[in-house]
Amino acid sequence: MTTVADMIRDIFREGSILPVDIATLSDSADLYTAGLTSHATVNLMLSLEEKFDVEFPDRLLRRRTFESIDAIKAAVGELLDQKAAA
Amino acid sequence: MSDLLQRARRVGAEVAARHASAVDADARFPRESFAALKAEKLLGVMVPAEFGGAGASIPEILSLCHALGQHCASTAMIYAMHQIQVACIVRHGQQSPWHRQLLQRLAGEQLLLASATSEAGVGGDVRSSVCAVEVEGQRLKVSKNATVISYGADADGILVTARRTPDSPASDQVIVAVLKGDYRLEQTSSWDTLGMRGTCSNGYWLHAAGDVAQILPLPYADISAQTMLPTSHLTWSSLWLGIATDAVARARTFVRAEARKKPGSTPPGALRLAESMNLLQHMKSNVVAAARQYEAALGSAERLTALSFAVAMNNLKIGTSQMAVQVVNHALLICGISGYRNDSEFSVGRHLRDAHSAALMVSNDRILANTANLLLVLKDDPGLFP
């Protein structure tokens, strides 16, 4: 079964978001240390919004939301829960 | 008026103003202004009281930049750039014993800090570095081909950005604080410009060595978003407002003199003066509103690194940098040939040349492109008051 983390990893792979292969990084690895730039973060958000059909509210548009696969998974999970409850 | 502001006004009117023409003509460091600022203990004012400083707030610092900007823009710009570096140590250095000691020295010895962020080979993007910190045991080394280190030769210390390690990607940067004695500068370019000539923004090869404790603990990306970006745009905007304020003061004196010659008839420049005051008020409102927004977000890394906050600070910079030139240009039109002359009391030539730097130092086009990128994901807050 494809997990949310797998789908997030697909985005990294398909969008060349990082200068390194996402497969070499664990879910808890610091993505900024791995070379995630603020410009690339915006592309990442756009891809996440498209793939999961969600919208990041402004309160989640901050650096720490995207610092690791785990952090992104938590944010996407929260938005998916909200969507399911709506 | 606060005591700090009184002291800054005194330095501005009695020292900076007197040497502003020479600093501009010779493109030299405003040494008289900085001797006076040191004597008045105005360099370390942002340092918290527990480290021996005055613990000045952001609005106070902005008022000082504004006051100095009315007399010598180069003095004010160097003062602003120094305060941006001090702010980084105040906000992000207090957890580190080495930087706590630096805070004490900033207050006690009134050290002047410069910065080395620009580098050859990164296309003007200060959020990327080529150079890297090399660590061996407890010692570090860094060599940087810095395209600009403003007043580098006259500073007592430099905050240098570099990649965290030789293996780190370009965007994973740290700040290293190095003090005189830790580094050697080889000048690679000189500074003969249209305006802001006293900032002596020469290029240098910087070769530094020090202790690993001199690295600020937080990544540069966070320091940049939380402190460097907002304090840069706020202090710069305040001093640009200072330049514009003095130009309008000259225009006002000019119009009044005309009015006194012919009481009963409104001088031709009066209408444009009213227009200048309108622009000046816009500028001021921009600075004050952004300063309040920064103060409200202070202490919250979440709010300071929010994209909406970055957009607000970008907009402050774009707006005030454009308006500064507009306002000074109005003053020039009002004062006419007297304003165009370099040897008249109504001269605004230096103001105009200095103001033109505003749109270029961190290019407005680059900032707009950054905002444009953020707006792809940012949702708009429809409320009038946050």
Side-chain angles (χ1 to χ4, degrees), chain A residues 8 11-13 15-26 28-72 74-76 78-80 82-83 86, chain B residues 122-129 132-133 163-174 217-229 297 300-314 366-383 386:
Chain A
I8 295 169
I11 290 173
F12 274 90
R13 214 172 9 251
S16 306
I17 307 280
L18 285 178
V20 296
D21 184 357
I22 191 72
T24 64
L25 299 172
S26 72
S28 62
D30 185 327
L31 297 174
Y32 294 108
T33 307
L36 182 61
T37 65
S38 47
H39 191 88
T41 308
V42 168
N43 293 335
L44 171 63
M45 287 179 215
L46 289 169
S47 305
L48 289 166
E49 291 190 338
E50 176 72 15
K51 190 158 220 150
F52 293 100
D53 190 24
V54 291
E55 255 201 4
F56 283 90
D58 285 349
R59 72 182 167 78
L60 286 178
L61 298 184
R62 39 190 46 126
R63 197 172 155 76
R64 290 296 156 228
T65 306
F66 305 94
E67 67 184 351
S68 64
I69 299 277
D70 280 337
I72 298 169
V76 170
E78 183 189 327
L79 295 176
L80 289 175
Q82 274 172 15
K83 203 169 77 166
Chain B
V122 291
D125 175 16
V126 295
R127 290 291 310 283
S128 290
S129 285
V133 179
R163 283 182 298 136
R164 179 185 306 280
T165 70
D167 299 324
S168 303
S171 62
D172 184 24
Q173 301 161 287
V174 290
L218 203 64
Y220 175 58
D222 289 279
I223 297 176
S224 168
Q226 294 184 35
T227 302
M228 216 178 239
L229 180 117
S300 161
E302 288 287 285
R303 290 174 71 175
L304 290 169
T305 59
L307 298 190
S308 53
F309 181 73
V311 168
M313 293 301 130
N314 283 353
R366 182 182 289 277
I367 294 178
L368 276 176
N370 174 261
T371 302
N373 187 43
L374 299 181
L375 290 180
L376 296 178
V377 287
L378 193 64
K379 285 83 200 169
D380 198 24
D381 174 5

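Just so we're on the same page: letters track the sequence lines, and every chain starts at 1. Note that the coordinates shown come from a computational prediction; the quantities given were computed from them, not determined experimentally. Note: hydrogens, waters and symmetry copies are ignored here, and every other heavy atom, side chains too, is used.
When side chains are defined from C-beta on, A:Arg63 counts as touching B:Asp222, because their heavy atoms get closer than 4.5 Å. Residues B:Leu307 and A:Met45 have side chains in contact (heavy-atom distance under 4.5 Å, counting atoms from C-beta outward).
In this structure, the portion of A:Tyr32 lying under 4.5 Å from any heavy atom of chain B is its backbone and not its side chain.
Counting heavy-atom pairs closer than 4.5 Å to chain B, the top-ranked of the candidates A:Thr65, A:Leu36, A:Asp58 is A:Asp58. With respect to chain A, the highest number of heavy-atom pairs below 4.5 Å among B:Asn373, B:Asp172, B:Leu304 belongs to B:Asn373.
Here the NE2 atom belonging to A:His39 is positioned 11.5 Å from the OG atom belonging to B:Ser128, to the nearest 0.5 angstrom. Rounding to the nearest 0.5 Å places OG1 of A:Thr33 at 5.5 Å from CZ of B:Arg164. One distance of note links CZ of A:Arg62 with OG of B:Ser308; it measures 7.0 Å at 0.5 Å rounding. Atoms NZ and CG, from B:Lys379 and A:Leu60 in turn, are 9.0 Å apart once rounded to the nearest 0.5 Å.
Taking both residues in full, the closest heavy atoms of B:Leu376 and A:Val42 are given as CB-CG1, 4.2 Å, listed atom of the first, atom of the second, then distance.
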